[in-house]
Amino acid sequence: MTRLLYRLLSKKIIAKGILILFLLGQASTFSLFFPKKIDAGNLTSVSATLGNSRLSFFGKTNGAHTAGTTTVSIQSSSNADNNTNNLFPRDDLAIGINGGLKVASVSASVNATSFIIDQALPVTVATATNIYASQSGSLVVSFTLANDIPASGYLYITIPANATTPNDKAPDTSTSTDTNGFDANGIGTGDWSVAGGDGCTWDSAETWTVGSSGNPHIYKNVTSTLCTGGTVVVTLDASPGLMNPAPITTGHSQGTADTYKINVYTYTAGDAVIDSGFTKVAPIEGVLVTATIESTITFTVAGVNSGTSTCGQTTTVTTYPYLIPFGSLSSPNIATASQKLTVSTNAASYVVTLQENDQLSIDGLGTTTIADAICDDGSCTHTTAADWKTGYNPAKGNFGYSLANVSGSDASFLYNDSSRVFSAKQIAEIVVDFTPPATNPPTIMTQSTPVNASQIYTCFMLAFQATQQAGYYFNKLKYTATPTF
Amino acid sequence: MRNKILKITSLSSFLLLLFWGANKTFAQQTQQVTITLANARNEIKLDPGETHRFTMKLYNKSDNPVTGTVKLVDFIVKDNDGKPIFLEDLTTPISNRFSAASWMSVPYDRLAIAPNDKVAFDISVNVPLDARPGGHYAAVIFEASGDSSAGQQSASSVSHRVAGLFYITVSGAVTEKALLTKLSLPFFSEYGPVKATSIITNKGDTHISPKGFLTVTDWFGRMVTQSPLEELNIFPDVSRTYENLVGEHFMVGRYKLALTSTYGEEGQVLEGYDYFWVVPWRIVTAIALTLAILILLFKNWRKKAISFEKELQGKLAEEDREIERLKEELKNRS
């Protein structure tokens, strides 16, 4: 035993083992560089569009329902639909042999298990009787040919079908999408039409084969002339229309679509495949809005008193919601002022922007102006921040701003970013710095989730120089609070 | 008596002054204007020729009246964060196929809201008969302005605006088309979860809000995690980026990330996948080194054990020979 173990651990065998592992690793790594591509087949731009993308409803009665009743209870487990979330008022309904009914109303509660029908139930039904609210509609399949279809060649489309009841004019369900599909709903060749393709002459022969025993539905259409390319559009009309499946009974989440694959082929007259491709369609529950919660956005602008510490500075002037008065400045001087902004919204996300109509100028006339700050290294703009410690220096500009969070983290940049003392930007000026629709004012406050009372300070610094012409300087600032798209 | 009256008067004056001063300070500290707009987002589908009314509400939650202007503007979205670009102050007119503001009207362009009160007004939409099918987008903006007289000093006047958005889809032959233009994540990571980046581009005529999942499966095809895709509106001709952390912390081997998403009203599907490796190489290296050391130690011990055994066998053989020799000698003697 000892000798055997020793042989196993001999250098040669260990070396061989390492080499084998190394080669296996290389082989699997090599496969990563050539992953299987998503769209097998060479038909291009294959698409399928459902005229009605709602899933059909398929539930079962919970208890017997006698003739004359108008309230229907459904079972809450083990079926395709176990609540009324996929049932809407005015949906056409069949309960067992009772057809021609409509849903009168459904509960506004989520996951309710009863609903009202628009007339008394004509015939008594037993417990676990099928309840159907079918959804059907048109189907349009289009694709672009990659290769010619010779004369007498044909297109061939497969549509998933339920393995057991593919054409009973009732919504189908199964444990998975692999064994479920669309009900043929009595469709015939007269409900199909084909157009397009360069040189194609369709309908020389046309067949519609209902699926069976796990095979899909098949539509086939022969062209009597050579097709040399172009886009082919195959249309199934909405009367009676393809019947959408009900949700699968295992692994389906309401609000998440069940996806089904539709294959498209072109063949020669001798049944050899020329091109192939596939696409997927995704029926999903509809959304019924029974109550409206207002989406709101609340915006507050508050003045800040002088002597308040904001953005690492102490304000020298008191501000008001509509006014930032810098006072009668004598040079050299620095005035610092702040306002506090507060936003609350349930509208998922928001932005606040800041812009000015012009630089500060005497009487707001725009001729004799106070220059925007360019900061200590000359690099700050309305989009780029830089440190601005030396406010007195005329070469560094005169008017800029920064931000600080008060509550939350919604400020777009902060005064102490990158360990700066006063990280500042210029205020964006309409036309000069931004011009809709190409560009828009920069964001100063934003959050990608609903917020309650997020607050920031906007901190303004005005450095008044000795050489500045005397006068009263004005401009207009504008905050805009808006939900994002 | 006089002194007493004087003291009371002085004390009362002092208290009055204190109270007035505090009130003045309090008023300064609480000067603010608060405006609430509802509904902030409005979405509807209309037929050509159809009319509709939206009800907008503006709440003034301040202690002072608020006056301002109301206007309707078109908006578009160009960047990844969904920020509307209001088409106002245009230097040159543009043709915007998503326009809707010209279909809409408000009853007044100026209004005043009393303190702690609200104003409700209707915004009418009249869709033209020849309206292009698809998405149309506009915003109502209320701009509040107040006392901004600065007197004899330099100042900046400040106006505040709140905006509400309207998404109007005109029914008809609407193209719904989206592309999954990117799905990627680091090829190799030591640990999960791994950051996945996906970009969906809307090439249709109307906005979409894709819904779906990011599913991670291992090399046996077993699902490891499934994360929902955040529901974001995507404006026509715009891309949105989604970033998700996928997988678990401790994973070993090759994994597949699959994105499956649906969008639009016609059951359209977006799918894509990518592969990635997760190997906690530091732990693996440590284990491998430990095993290698143990193996070497065992081999060394084994070698010494065998060598000692051979030595003993040699000595034993020598002993045997010596014994045989002594036996022979003894035999010869006897």
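Chain A is the first sequence line, chain B the second, and so forth, proteins listed ahead of strands; every chain is numbered from 1.
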Region of [X] that comes under 4.5 Å of a non-hydrogen atom in chain B:
X        : answer
A:Val351 : side chain
A:Thr345 : neither
A:Glu356 : neither
A:Ile430 : side chain
A:Ala337 : neither
A:Thr259 : side chain
A:Leu360 : side chain
A:Tyr260 : neither

Need one label for [X]: side chain, backbone, both or neither, based on atoms under 4.5 Å from any heavy atom in chain A.
X        : value
B:Phe86  : both
B:Ile141 : neither
B:Ala144 : both
B:Ile76  : side chain
B:Asn96  : neither
B:Lys57  : side chain

Which pair of heavy atoms, one from [X] and one from [Y], lies closest together, and at what distance?
X        : Y        : answer
A:Ala302 : B:Gln32  : CB-CB, 3.5 Å
B:Gln31  : A:Tyr320 : OE1-CD2, 3.3 Å
A:Pro483 : B:Ala40  : CG-O, 3.5 Å

Checklist entry - Going through the checks in order, is the side chain to side chain contact (heavy atoms under 4.5 Å, CB included) test met by B:Arg161 and A:Val352? => result CA-CA 9 Å; B:Arg161 309 198 306 172; A:Val352 176; over 6 Å; no
Checklist entry - What residue, out of A:Pro321, A:Ala282, A:Ser448, has the most heavy-atom pairs lying under 4.5 Å from chain B? => result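 Winner by heavy-atom pair count: A:Pro321.
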Item to check | Among A:Gly51, A:Gly137, A:Ser47, A:Ala347, residue most engaged with chain B (heavy-atom pairs, under 4.5 Å) | outcome: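 Highest number of pairs under 4.5 Å: A:Ala347.
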Checklist entry - Picking from B:Thr36, B:Asn39, B:Val162, what satisfies side-chain contact (heavy atoms from CB on, under 4.5 Å) with A:Thr296? => result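 Single pass found, and it is B:Thr36.
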Item to check | Test log, rule side chain to side chain contact (heavy atoms under 4.5 Å, CB included), inputs A:Ile324 and B:Val158 | outcome: CA-CA 7 Å; A:Ile324 303 174; B:Val158 182; 3.8 Å; yes
Next on the checklist: Please verify the inter-ring angle class for B:His160 with A:Tyr479; under 30° counts as parallel, over 60° as perpendicular, anything in between as tilted.
Outcome noted: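 Rings of B:His160 and A:Tyr479: tilted, 30 to 60°.
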Next on the checklist: Any non-hydrogen side-chain atom of A:Thr446 less than 4.5 Å from a side-chain atom of B:Asp81?
Outcome noted: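 No - every pair of side-chain heavy atoms lies 4.5 Å or more apart.
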Item to check | Test item: A:Phe485 and B:Asn233 side chains (from C-beta on) under 4.5 Å apart, heavy atoms | outcome: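 Contact flag for A:Phe485/B:Asn233 side chains = yes.
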Closest-packed option against chain A by number of heavy-atom pairs under 4.5 Å, given [options]:
options                      : answer
B:Val269, B:Ile234, B:Val33  : B:Val33
B:His207, B:Glu231, B:Lys61  : B:His207
B:Glu143, B:Glu230, B:Lys177 : B:Glu143
B:Leu87, B:Leu165, B:Val77   : B:Leu165
B:Ser159, B:Ser156, B:Ala163 : B:Ser156

Straight-line distance of [X] [atom1] to [Y] [atom2], nearest 0.5 Å:
X        : Y        : atom1 : atom2 : value
A:Thr480 : B:Glu88  : OG1   : CD    : 7.0 Å
A:Thr482 : B:Leu37  : OG1   : CG    : 9.0 Å
A:Thr49  : B:Glu176 : OG1   : CD    : 8.5 Å

Checklist entry - Would you find a donor on one side and an acceptor on the other, under 3.5 Å apart, between the side chain of B:Ser157 and the backbone of A:Leu323? => result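 Checking the backbone N and O of A:Leu323 against the side chain of B:Ser157, no donor-acceptor pair under 3.5 Å is found.
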Checklist entry - Within a radius of less than 6.0 Å around NZ of A:Lys476, do more than 12 heavy atoms belonging to other residues, nucleotides or ligands occur? => result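 Not buried by this count: 12 neighbours or fewer within 6.0 Å.
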Checklist entry - Will you find, in the side chains of B:Lys83 and A:Thr443, an N or O donor that is under 3.5 Å from an N or O acceptor? => result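 There is such a pair (donor and acceptor under 3.5 Å, judged by atom type) between the side chains of B:Lys83 and A:Thr443.
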Next on the checklist: Under the rule for ring pair (Phe, Tyr, Trp, His ring centres under 6.0 Å), what residues qualify as partners of A:Phe460, not counting sequence neighbours?
Outcome noted: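 Ring pair (Phe, Tyr, Trp, His ring centres under 6.0 Å) check on A:Phe460 returns nothing, list empty.
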